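Report on the structure given below.
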Amino acid sequence: MLLQTQSTTIRPLTTAHLAQTMTLLGLTSFELYQKIETELASNPALELTAERVCPHCRRPLADSNPCPICTRPSNSNPNEPIVYVSSREDFLPSKYTSSESEISEEGLTPDSEDLPTYVLRQIAPDLDPDDHFIAAHILTSLDDDGLLRTPLAEIAHYHHVPISRIEDVIHLIQHSDPLGVGSQTPQEALLVQLEILAETTTIPPFTAKAIQEGMDLLSRRQYSELGHKLHLPLSNVKEIANFISDNLNPYPARAHWGDVRQGSSANPDVYYHPDIVITSQGESEVTHLMVEVISPLAGRLRINPLFREAIHDAPQEKAEQWQEDLDRASLLVKCLQQRNNTLVRLMQRLAVIQRQFILEGDSELAPITRASLAEELGVHESTISRAVASKAVQLPTGRMVPLSKFFDRSLHIRTALLEIIAKESKPLTDIQIAKILDKQGYQVARRTVAKYRAMEGILPAHLRSKNKQNIR
DNA sequence: CTATGGCACGGATT
DNA sequence: AATCCGTGCCATAG
């Protein structure tokens, strides 16, 4: 394996060293930024050097290694990705909103973890700063479906504000992507989506009414009764039902995270900060991948040499304090290096294994486990787990995905499934889908097909029509 | 009778 | 040790 980061030979590990490395590894670049910032402010032994820039390409460099792009041998293997630590200015966390830290604490599942942050970024520009707390509270209270099950009164009481104000914030949240998040019921979510959709599409008459008044009948598919209630012929009711199942999603969070496209209709001010950025260079056969592990600092963290000098003739009463500062500082620097080193090695390997996925998309994702990678790299499994958890990657397409997606065991099958359903001329049952998948080389039980379908938010065959339009 | 969702079990993964 | 995931069995809706 070429291109290692030269500088870090691993020294004898103290337990403190180990513990801190572990901690740092699990942090996102934003959290890292916070940590270093406070340390920098309180510890005189640390200093941040001026940013180092590659003399050739003017690329900012975050470690002491030579510029990986300019020093790279021209005959290098194109499959060998360039991985390095970068401090690109446009990803520096100093630009992030400060409300961030409050959001990501609750014990959410990894998949939904980023939803609150994602939504908050969208609404932040329109949000009264005083309401940030409320928004954060609401967003972290969402269940896995993106619905808010907590009574509004409870939230209002907690923040000592009138319910109407909570409702205003929710209104804002509901109208961001995924549409309808933060609704209290599936019904409400549908109505929000319907409202937006009405601007661009024609909607069967009485759809809103059907949702409002006949939700239970609708979900139970008791169409004839519903028709009776609304005084509509059965054909109209079926039309409404089909429209809803084709265009609306009662559980806003279900199939949406991961589909996040940047820049589309989302607010341009919205900042989604990756911890790792992958870009591709060149075209066709000789595409090179460049992987940047984002360093949250413009410049390099090191021990202040003056401080190191000064400590020799420190006044008696300060000596102990200073020594402690120095130790802490050097520990942090070392651990930081090690964190970066681990991440670089991890990405080095991942970029090779998942090259196809990065370039081609979901269907090419190789199903690998953290454990197998840990073995290859010769590190403990938990190291990989930590490194992978809660990190966001920006792919060359601009898509943001959680790093954990690189370890998704079933994604490739799910995309195959998605494709089958997209192409179907008439709704296929789970068993039929299972058979087709089997022909394609994916052996899955019929029951599993059903689960994947649910994961993707696709309705069962009998209430699916061939109309393959999505929300928006 | 067929298609699907719920529950729960066991093995793999973290 | 805790959690996740695929799967089989069974009840239920259509």
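A quick note: this is a predicted structure, and the numbers were derived from the prediction, not measured. Proteins get letters first, then strands, A, B, ... in listed order; numbering begins at 1 in each.
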From the list [options], which nucleotide is the closest neighbour of the side chain of [X]?
X	options	value
A/A371	B/dT14, C/dT7, B/dG5	B/dT14
A/R409	B/dT13, B/dG5, C/dG8	B/dT13
A/S410	C/dG8, C/dG6, B/dA3	C/dG6

For [X] and [N], what is the distance between atoms [atom1] and [atom2] respectively, to the nearest whole Å?
X	N	atom1	atom2	value
A/E456	B/dG5	CD	C1'	18 Å
A/Y452	C/dC5	OH	C1'	8 Å
A/Q443	C/dC5	CD	C1'	17 Å
A/F406	B/dT14	CZ	P	15 Å

| said: Looking at B/dT13, I'd like to know if its phosphate oxygens (OP1 or OP2) sit under 4.0 Å from a side-chain N or O belonging to A/T369. | reply: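 Checking A/T369 against B/dT13: no side-chain N or O falls below 4.0 Å of OP1 or OP2.
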| said: At less than 4.0 Å, is any side-chain N or O atom of A/R370 found next to OP1 or OP2 of B/dT14? Yes or no. | reply: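 So the side-chain polar atoms of A/R370 do come within 4.0 Å of the phosphate oxygens OP1 or OP2 of B/dT14, strictly under.
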| request: Decide yes or no, distance alone: a donor-acceptor N/O pair under 3.5 angstrom between the base of C/dG6 and the side-chain of A/R446. | output: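 A donor-acceptor contact between them is absent.
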| message | With each end axis built from five pairs of C1' atoms, what bend angle do you get for the helix from B/dC1-C/dG14 to B/dT14-C/dA1? Round to 10°. | response |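 So the angle between the two local helix axes works out to 10°.
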| When you check the gap from the basic side-chain N to the acidic O, do A/K35 and A/E39 get nearer than 4.0 Å? |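 Here A/K35 does not pair with A/E39 in a salt bridge, since their nearest N and O are not under 4.0 Å apart.
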| query | How far apart are the closest heavy atoms of A/I138 and A/I155, and which atoms are they? | reply |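 That would be CG1-CD1, 4.1 Å.
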| query | Any side-chain donor paired with an acceptor under 3.5 Å for A/T429 and A/Q432? | reply |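 Indeed, the side chains of A/T429 and A/Q432 share at least one donor-acceptor pair under 3.5 Å.
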| query | Looking at A/H412 versus A/F357, is the centre-to-centre ring distance below 6.0 Å? | reply |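 No, ring centres 6.0 Å or more apart.
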| task | Answer whether the closest heavy-atom distance between the side chains of A/I170 and A/L152 falls below 4.5 Å. | result |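 A side-chain contact exists here, since the closest heavy-atom pair is under 4.5 Å.
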| message | Any non-hydrogen side-chain atom of A/I82 less than 4.5 Å from a side-chain atom of A/L289? | response |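 No - every pair of side-chain heavy atoms lies 4.5 Å or more apart.
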